[in-house]
Amino acid sequence: MDSNSRASRQDLLRQLPGVDELLKQPPVMEALAHIPRKLVLESIRETVDGVRRHILAEEPPPSISVDIGQLAQEAATLAETKNQFTLRPVVNATGIVVHTNLGRSLLAGESLARLQEVCRTYNNLEYDLAAGRRGSRYVHAEAVLREITGAEAALVVNNNAAAVFLVLNTLAKDREVIVSRGQLVEIGGSFRIPDVMAASGAILREVGCTNRTHLRDYEQAITEQTALLMKVHCSNYRVIGFTAEVSMEEMARLAHSRGLLAVEDLGSGSLVDVSPFGLPEEPTAQQALKAGADVVTFSGDKLLGGPQAGIILGRRDAIERCKKNPLTRALRVDKMTLAALEATLRLYRDERRAFSAIPTLRMIATPLEELHQRAQDLAQAISACDLDQRLTIRVEENFSQVGGGSLPERNLPTYVVSVQSSHWSAARMEQRLRSHTPPVIGRIEADRFLMDVRTLQPGDSEILRDAFQALLSTTEQ
Ligand SMILES: *Cc1c(COP(=O)(O)O)cnc(C)c1O
């Protein structure tokens with residue numbers, strides 16, 4: 001290092017502003033108005049340190065001059081980033097209604113209001129108001145679940161994985177559970193029937209073949225060791241072609257004739273028939289119980305459209321045993337889940353109301369003409385920002401998915417707005433929109449960025465327009 005460069009390096013270092021000086025800069029003062037001082041100070045130090053390191057490390061010394069205004073802006077932006085929630089709203093333009101990565105089901109307004117009401121005050125979570133003493137949290141959603149489904153008893157736990165685990169641990173620990181090879185499902189990598197079975201202490205006894213399992217396969221596998229016959233919903237795949245599976249009617253009849261229980265993991269477990277909206281008929285929880293299942297389990301936040309929960313319905317004695325299992329305490333739900341779930345379930349008393357008030361059902365049931373209109377409006381709003389015509393914007397027919405491991409490959413006809421650009425690749429547009437505030441999540445098809453209007457919420461079109469406006473205001477590639 002020669003003396004010349006040392007001098008200029010020193011010179012640059014001397015130009016670096018002090019914290020106090022930066023605190024007086026307008027962007028930092030604006031940040032201080034809504035961001036805790038601690039975060040702003042931290043951001044200032046990190047920003048200045050970064051520049052200092054840069055000055056010291058570059059060889060030869062960087063030919064920059066220190067711009068206080070720019071440093072202040074950088075520090076303020078860093079403070080904004082540090083102050084962001086990690087869990088925050090995004091725009092779901094994927095068309096996947098129950099998107100597990102994007103929070104699954106949106107709660108109905110009735111659920112949100114109930115959450116506020118119950119959580120703002122004390123409540124009778126575990127207090128028996130009639131008797132004036134300690135009660136059970138498990139009574140709360142149970143009454144409405146029994147009323148809607150006709151089940152003898154119900155229990156709500158943390159999620160469906162917990163429900164399956166608890167049922168197996170309670171009813172089949174150290175004993176065998178017979179499952180068809182065609183139903184050994186993996187959901188999202190972390191839930192696999194064989195693994196949950198092993199963790200619960202139950203012993204998996206696979207029968208049949210991937211494509212075909214017959215009643216005699218279950219029959220021949222029953223031994224002294226058998227505790228349950230189990231059916232698992234093929235939530236995220238479909239076996240097609242030369243196939244056979246045993247219905248719950250047949251399975252329950254066989255189980256009961258041998259003094260065994262029949263259990264079904266319904267996965268998404270709808271309480272209403274969604275087939276009128278172009279989706280295949282899937283057994284509802286009520287139908288599975290009617291067919292003879294002693295216990296059924298399903299998620300609260302898939303097709304049901306409520307909060308994350310695992311719902312266990314079935315025979316009183318079986319549910320009682322689950323409630324008494326000490327593990328139930330580790331899987332229990334809190335008051336927020338119970339409040340939101342009870343409010344969601346009450347909407348099912350009137351099916352029409354459920355379809356209009358529960359966002360998950362409403363999105364599935366949205367008429368195609370309405371989707372078409374919304375797509376045209378959105379395309380027009382984005383076009384209006386594209387003064388230099390750098391985008392090719394089209395309304396196209398496409399397909400939405402229910403998602404969340406419910407009803408695989410069954411696509412709902414929809415309309416999307418597709419955007420293509422000679423200036424940005426679809427991948428670049430996707431990345432820019434994803435880093436917008438709030439982030440926009442869409443999908444890419446054949447170098448076009450697609451936005452499915454089915455999963456857009458009120459106000460999302462304006463966010464999309466702003467996000468495109470921000471994109472178009474840059475010339476950056
Ligand atoms: C989704 C699903 C689960 C897991 O449910 P979570 O509520 O996500 O825990 C289990 N079994 C089946 C068949 C499913 O579809």
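What you see is a predicted model, and the numbers here were worked out from it, not measured in a lab. Note that ligands are numbered from 1 as they come in the structure, with each ligand's atoms numbered from 1 the same way.
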D265-ligand 1 polar pair, N/O distance under 3.5 Å: yes

Atoms of ligand 1, numbered as shown, that sit under 4.0 Å from any heavy atom of H233: 13 (C)

Side chain to side chain donor-acceptor pair (under 3.5 Å) evaluation trace for T414 with D452: CA-CA 7 Å; T414 191; D452 186 333; 2.9 Å; yes

For ligand 1, the portion of R104 having any non-hydrogen atom under 4.0 Å away: side chain

Contact partition for N160 relative to ligand 1, non-hydrogen atoms under 4.0 Å: both

Counterpart residues, side chain to side chain contact (heavy atoms under 4.5 Å, CB included), relative to C119 (two or more places apart): L115, K335, M336

N or O pair under 3.5 Å between S299 and ligand 1: yes

Ligand 1 N/O within reach of V185 N/O, cut-off under 3.5 Å: no

SB check R434 E430 (cutoff 4.0 Å): yes

Could you give the side-chain donor-acceptor pairs of residues 121-133 under 3.5 Å, partners two or more places apart or in another chain?
| from | atom 1 | to | atom 2 | distance (Å) |
| --- | --- | --- | --- | --- |
| T121 | OG1 | E117 | O | 3.4 |
| N123 | OD1 | L125 | N | 3.0 |
| N123 | ND2 | V118 | O | 3.1 |
| E126 | OE1 | R134 | NH2 | 3.1 |
| E126 | OE2 | R137 | NE | 2.8 |
| E126 | OE2 | R137 | NH2 | 3.0 |
| Y127 | OH | G132 | O | 3.3 |
| D128 | OD1 | A130 | N | 3.1 |
| D128 | OD1 | A131 | N | 3.1 |

For G267, the ligand 1 atoms whose distance to one of its heavy atoms is below 4.0 Å: 12 (C), 13 (C), 14 (C), 15 (O)

Close approach, V164 and ligand 1, non-hydrogen under 4.0 angstrom: no

Intermediate values then yes/no, side chain to side chain donor-acceptor pair (under 3.5 Å), H214 and E250: CA-CA 10 Å; H214 307 280; E250 295 171 286; over 6 Å; no

Ligand 1 contacted by Q308 (non-hydrogen, < 4.0 Å): no

Salt bridge E147-R349, side-chain N to carboxylate O under 4.0 Å: yes

Pair R181 + E206, salt bridge at N-O below 4.0 Å: yes

